[in-house]
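A short write-up of the structure that comes next.
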Amino acid sequence: MLIKKPDDIRSGEITDENLYLNRRNFIRAAVLAGTTTATTLLYRKLATPSREKPKVDPATSSGASGYFTPEGEAATGFDDITNYNNFYEFSTSKEAVAIKAKNFVTQPWTVDVSGLVHRPKTFDLDDLLKLAPLEDRVYRLRCVEAWSMVIPWLGFPLGKLLEQVQPLSGAKFVKFMTLLDPQRMPNQRGDVLPWPYVEGLRLDEAMHPLTILAGGLYGKMLPPQNGAPLRLVVPWKYGFKSIKSIVQIVLTDKQPNATWSAYAPDEYGFYSNVNPSVSHPRWSQATERRIGEWGRRDTLMFNGYGDQVAHLYSGMDLKSNY
Ligand code: MTE
């Protein structure tokens, strides 16, 4: 992936997480007032009191508040989250993605779930958003390029969707695909990557309660540049695993040929768990640049989610299974 020099980064407002949480009602009201479009369900969910107390499993929650919140870390500002993006279907320039994706049409939208399942189904967006209450999940996002953010997502566990289709016992992996439509995603006319963008997880990683499908951030609908209308978020893995604008999910018995690991297998492994002690061949992963902050921070093993996910890899050599 292209690495930007530090001075390419716009400085942005850092919004304190508590401030964000306190002003959710205000944002929700603004969203509700500002739209009458077809994705009424998401808006209805945004207005539902059940969102005030997200349904999270206290056994796996990392924050005392009941949110999956990185303690003592501020959420990255909305402007930075939505103007510094990797989304190669629109542009390889992080600063250009928001402009190029501005008019991306995401309605109607369906997600087809098939493969080794008892009940394959094509879900439309409203079906998906009915599956589970939308939850606030404030997660670190660590890009393999050694920058990071803290993003307040709005989403639901991927496991809720997988339960619906009932995986067969032979299903071991989950493969995800982004929309392929060069009319709507103009950079797909070029060959910077093989299209469509593909990602994959082991089934147990996909079923882990931290793994979500996000349809919003900062209490608003997901903007196109962040992967509208629905994207994966796997917070303990490098950001490229969190595939955007998903249209297809296939359960399979074979490890999927994911885009970046097929493109440069020595640089981007299938697992791509955040690991400060395994360097990328061209740079160290020991530290990271938190967007909106000065200096660098130490990178945390599994991006700080080790107490919840390390057991998934017990007995595995994480240096060769990078
Ligand atoms: N998904 C698709 N379809 N195309 C992409 O180029 N980039 C990935 C990931 N998902 C990408 C993608 C990378 S490298 C990162 S770091 C994150 O999206 C960035 O997500 P963000 O722009 O919401 O911060």
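Remember, it's 1-based here, ligands and their atoms both numbered in the order they're listed. Excluded from the calculations below are hydrogen atoms, water molecules and symmetry mates; all remaining heavy atoms, backbone and side chain alike, are included.
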Qualifying residues under side chain to side chain contact (heavy atoms under 4.5 Å, CB included), relative to Val247, sequence neighbours excluded: Trp109, Leu179
N-O pairing of Lys237 and Glu205 below 4.0 Å: yes
Glu288/Arg296 ion pair, N-O < 4.0 Å: no
Residues Trp153, Tyr218; criterion ring-ring contact (aromatic ring centres under 6.0 Å, His included); working and verdict: CA-CA 6 Å; Trp153 301 108; Tyr218 264 114; 10.0 Å; no
Within the protein, residues bringing a heavy atom under 4.0 Å of ligand 1, chain by chain: Met1, Asn85, Asn86, Phe87, Tyr88, Glu89, Leu141, Cys143, Thr178, Tyr197, Asn226, Arg231, Gly239, Phe240, Ser242, Ile243, Lys244
N-O pairing of Lys94 and Glu145 below 4.0 Å: yes
Pair Arg290 + Glu73, salt bridge at N-O below 4.0 Å: yes
